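Just so it is clear: chains get the letters A, B, ... in the order the sequence lines come, proteins before strands, and each one is counted from 1. Computed from a predicted structure; not experimentally measured.
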Number of protein chains: 2
Amino acid sequence: MEKEKTDKKDHILDVAEKVFSELGYDGASTRLISGEANVNMAMLNYYFGSKEGLFIAIFERKINSFKTLLQNINEDETMSSWDKLSLCVDKYVDRVVLNSYFHKLVNREVSLSKHSEINDTITNIIMTNILEFKKVIQDGVNNGSFFEGADTELCVATIFGTKNFIINTPQLASRLFEKDILSAAYLENEINERTKIYMKRLLKSYLVTNNDQTNP
Amino acid sequence: MEKEKTDKKDHILDVAEKVFSELGYDGASTRLISGEANVNMAMLNYYFGSKEGLFIAIFERKINSFKTLLQNINEDETMSSWDKLSLCVDKYVDRVVLNSYFHKLVNREVSLSKHSEINDTITNIIMTNILEFKKVIQDGVNNGSFFEGADTELCVATIFGTKNFIINTPQLASRLFEKDILSAAYLENEINERTKIYMKRLLKSYLVTNNDQTNP
DNA sequence: CAAAATTAATCAAACGATTGATTAATAAAA
DNA sequence: TTTTATTAATCAATCGTTTGATTAATTTTG
């Protein structure tokens, strides 16, 4: 029973994560979520206390995987700046693709201006990753291995922005790519590798190969 | 009187655009919007028929500026592919910065999965711009002025994604830049030009200067 | 012109529907 | 039996919307 309870809670969290990512926090009613999960509405409150509690539980479940993925790479003294950045991109794209619902959900919620505890929590979690990328690039610029005129901040914006475009607006991406991005198979099999290759080539040409800056 | 009526409707649209962009469609109640605009709640329905009508009216007001900004550039036979792309980036960044609330609103709404007429309308409007950028780049690749191995689609994702990151999640961008991105002044004076310069340098190094592709 | 009729704009109050949440009763498990 | 899990019914609050009345402006009429 203990096992089954966890399974049920996990099932609810899976469903809620998807519904929230598709309709937004406000747009997803507890009735719909419980209906999609085939559980009684009261179970949401029984397990998670409230709608917000359910929302927070989704994050707490994922929080471990967010912890120190990039930090360990960044602390490695033996790697070059480019190898660090390259590896960070690989790892990050992998994780985003694997948790696309979650990342979509996170990005929509954090784009809202309403101040709440959960909003701050999310912001801090994302910022950890953002600043980790910033550090890798900044270090590379400082130690001379990257183009000294590089715009570090906007470079980070490109990394997160490119990924967000694909994950957050799959309808647009699907029509741009003329493929069904929403299909998990295509996302994991094709887009994943393709994005990695592209992102690294893009960053390398800007940060490393970039040596003529005649006219911007 | 006729004049003042238009002004009042315009005022409501201004306020609604901002509130929607901050709280999302579902999160923004008609009571709050009318309160912020200092008009009676019933006026929203009187003028715009419904909440959705108000939402649509926001788009109809902006729709003209969306029409053929990029198309004219693209059709110009005398310009090089790079000059076209460069000009498109300039024009697009300008417009986004000038209508940051609107673009934030658009991007959040289009990321929702709920099918509606307005959602389709918005998607088509955005796609016009997206495909215009795609065409510029694709033409450049085809006529040999851009790197033949370029990932056209992801390149477009970068252009829109980078801009979206700044506009959609200004809290994150503010902490990344260590400046207040939400401040309209900073956005228009600094970020605007800086983004143009960065974006063009990034694209140029990837599309034009890119000639070594040893390891991705 | 001035009085009457019509239209447009605005308001407070209330509507039915839906929201997240809670209850009290029951079923299952320990 | 005691605890845990689950249910249907119900709660107050809020949602978008509508109403009927009132005021302001415009047009028509005498």
Measuring from the side chain of [X] (C-beta onward, heavy atoms only), which nucleotide among [options] has the closest atom?
{"X": "A/Met41", "options": "C/dA21, C/dT23, C/dT19", "answer": "C/dA21"}
{"X": "A/Tyr47", "options": "C/dT10, D/dT6, D/dG16", "answer": "D/dT6"}
{"X": "A/Arg31", "options": "C/dT10, C/dT19, D/dT18", "answer": "C/dT19"}
{"X": "B/Met43", "options": "D/dT17, C/dT10, C/dT23", "answer": "C/dT10"}
{"X": "A/Tyr46", "options": "D/dT17, C/dT19, D/dT6", "answer": "D/dT6"}
{"X": "A/Lys8", "options": "D/dT6, D/dT19, D/dC15", "answer": "D/dT6"}
{"X": "B/Ala42", "options": "C/dC11, C/dG20, D/dT7", "answer": "C/dC11"}

| request: Please check if the side chain of A/Gln171 supplies one atom and the backbone of B/Thr123 the other of a donor-acceptor pair under 3.5 Å. | output: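 A pair under 3.5 Å: no.
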
| said: Is any side-chain heavy atom of B/Leu85 closer than 4.5 Å to one of B/Trp82? | reply: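 In contact.
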
| field | Donor-acceptor pair between B/Asn164 and A/Asn164 side chains, under 3.5 angstrom | value | no

| request: Work out which heavy atom in B/Lys8 is nearest to a heavy atom in B/Val39; give both atom names and the distance. | output: CE-CG1, 3.7 Å

| request: Report yes if a side-chain nitrogen or oxygen of A/Asn40 is closer than 4.0 Å to either non-bridging phosphate oxygen (OP1 or OP2) of D/dA8; otherwise report no. | output: yes

| task | May I ask you to verify if any side-chain N or O of A/Ser50 is less than 4.0 angstrom from the OP1 or OP2 atom of C/dG20? | result |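 Answer is no, no contact under 4.0 Å.
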
| field | Aromatic ring pairing B/Phe160/A/Phe165, orientation class (parallel under 30°, perpendicular over 60°, tilted between) | value |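 Correct class here is tilted.
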
In whole Å, I'd like the distance from the [atom1] atom of [X] to the [atom2] atom of [N].
{"X": "A/Asp26", "N": "D/dA13", "atom1": "CG", "atom2": "P", "value": "20 Å"}
{"X": "A/Leu44", "N": "D/dA5", "atom1": "CG", "atom2": "P", "value": "15 Å"}
{"X": "A/Tyr25", "N": "C/dG20", "atom1": "OH", "atom2": "C1'", "value": "9 Å"}
{"X": "B/Leu32", "N": "D/dT14", "atom1": "CG", "atom2": "C1'", "value": "13 Å"}
{"X": "B/Phe48", "N": "D/dG16", "atom1": "CZ", "atom2": "C1'", "value": "16 Å"}
{"X": "B/Asn45", "N": "C/dA12", "atom1": "CG", "atom2": "P", "value": "16 Å"}
{"X": "B/Lys51", "N": "C/dT19", "atom1": "NZ", "atom2": "C1'", "value": "13 Å"}

